[in-house]
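I have placed the structure first, in the form of structure tokens, so that the comments after it can refer back to it.
Scope of the values below: all heavy atoms of this structure, side chains included, with no hydrogens, waters or symmetry mates. All residue numbers refer to positions in the sequence shown, counting from 1.
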Amino acid sequence: MSQGQIQIPLKEYLAITTKQCSNWSFTQGLLLGQISVIFIIGCFIKFFIFGETPDSPSHSKYASAYSPKRSRRSSNLRKKRSSVLRNPPPQTTATILSKTYYNVHSHQPESLDWFNVLLAQTFAQFREDARTDDAILKSLDKILNGPQKPDFLDSIRVTEVSLGEDFPIFSNCRITPSEEDPGKLQAKMDVDLSDLITLGVETKLLLNWPKPMVAVLPVALAVSIVRFSGTLSISFVPSPENSTGNTTLTFSFLDDYRLEISVRSLVGSRSRLQDVPKIAQLVESRLHSWIDERCVEPKFQQIVLPSLWPRKRTTREQGRAGDVGEESGTEGIRRRPTSSVDL
């Protein structure tokens, strides 16, 4: 080896060479990674952000040529989406009873005390609303003097209204198979109301023959419901089985219900007849007929149930009173006092 040259041991030379190669490999990998990231970001910006819109001319030019393919793709997509929602097994009556641990043959009847409390609060609020601004008097006057009023009656004036002070009591609730369809369930419960609900009116009977208003007979009548008791039957009718396409709640009373009323009457202007028995019998017969024709088996009443799926427009918030629709910009959201009860 010539003079001036530095002699380096073989081991140190190999170590330096290996270190330089490793540094160069790390630099190559770093550059390759950065280039790959930049390439991916560029493709994303090009095809997803600055791509052509569906309404562009180039897209509409070839829209007709690829419309069958798009329709097949959309149908396949709908099939995939529908397959995501799993179809549960059919819920039969036996399945519902087994999963709720209810035996229709051995289960004890329920007292429904909690339901009576909620219903009593509802009735109390209804009576309070009826007294506000004489709302019930205006409604009764509109109904009694409506177009269905017979010609032999003069205008009817309401003289007494009492909505009562007590509340109906439900008890002895039990779930039984339906008598018409054993595959369906129905709830039967006893209801008892002992109160004094009164409606008093005054009018005149008009004799219009042989000419209008030949004779006039003043009549005063007051009808009070003293007690009502019976057995209430409630059942659900699902939407697939209902002709209206909605889920409904049906209710009716058994024909062994009990209705006790009190009728006070006053007929005439000078020599008045008080509490005529025939009038009391006629009023009681009409009340029974009215109930029988509407909600006594086999007749029943249907109530369409609203959708129970939670929605924004039916949202309420406890703690504050007033309408917050204008403040929050959302319609239908209201706040009410904490003293009110959700029913």
Side-chain angles (χ1 to χ4, degrees), residues 1-92 95-96 98-101 238-240 245-247 305-338 340 342:
M1 184 174 295
S2 63
Q3 295 181 356
Q5 292 182 348
I6 301 175
Q7 296 182 355
I8 301 175
L10 180 60
K11 293 182 179 179
E12 294 181 2
Y13 177 77
L14 294 176
I16 294 173
T17 305
T18 305
K19 186 175 181 180
Q20 291 178 353
C21 292
S22 62
N23 290 336
W24 179 245
S25 301
F26 174 77
T27 305
Q28 286 181 334
L30 180 61
L31 292 176
L32 182 61
Q34 295 295 330
I35 294 173
S36 301
V37 172
I38 294 174
F39 177 75
I40 293 174
I41 294 176
C43 292
F44 177 80
I45 294 175
K46 177 178 177 59
F47 294 103
F48 290 93
I49 297 180
F50 298 103
E52 296 179 354
T53 59
D55 297 331
S56 61
S58 60
H59 184 274
S60 59
K61 182 178 180 180
Y62 302 100
S64 59
Y66 292 96
S67 58
K69 295 182 179 180
R70 287 204 310 272
S71 62
R72 287 194 296 269
R73 290 176 182 176
S74 60
S75 62
N76 294 333
L77 183 59
R78 284 195 298 267
K79 291 180 180 179
K80 291 180 179 179
R81 289 179 178 177
S82 61
S83 62
V84 173
L85 186 60
R86 299 179 180 178
N87 293 325
Q91 300 292 333
T92 61
T95 304
I96 294 175
S98 63
K99 289 186 177 182
T100 54
Y101 308 103
S239 54
N246 298 318
T247 301
L305 298 180
S307 175
L308 300 180
W309 191 258
R311 297 181 180 179
K312 189 68 175 179
R313 60 184 177 85
T314 58
T315 303
R316 305 293 185 269
E317 181 178 350
Q318 293 182 353
R320 294 181 182 180
D323 188 1
V324 299
E326 297 180 358
E327 299 177 0
S328 62
T330 304
E331 298 181 356
I333 302 179
R334 300 180 181 273
R335 292 175 180 170
R336 53 176 177 74
T338 55
S340 59
D342 286 329

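- With hydrogens and angles left out, the side-chain atoms of Thr95 and Ser98 include no donor and acceptor closer than 3.5 Å.
- Shown here are the side chain to side chain contact (heavy atoms under 4.5 Å, CB included) partners of Leu31, two or more places apart in sequence or in another chain: Thr27.
- The side chain to side chain donor-acceptor pair (under 3.5 Å) search around Ser36 returns none, not counting sequence neighbours.
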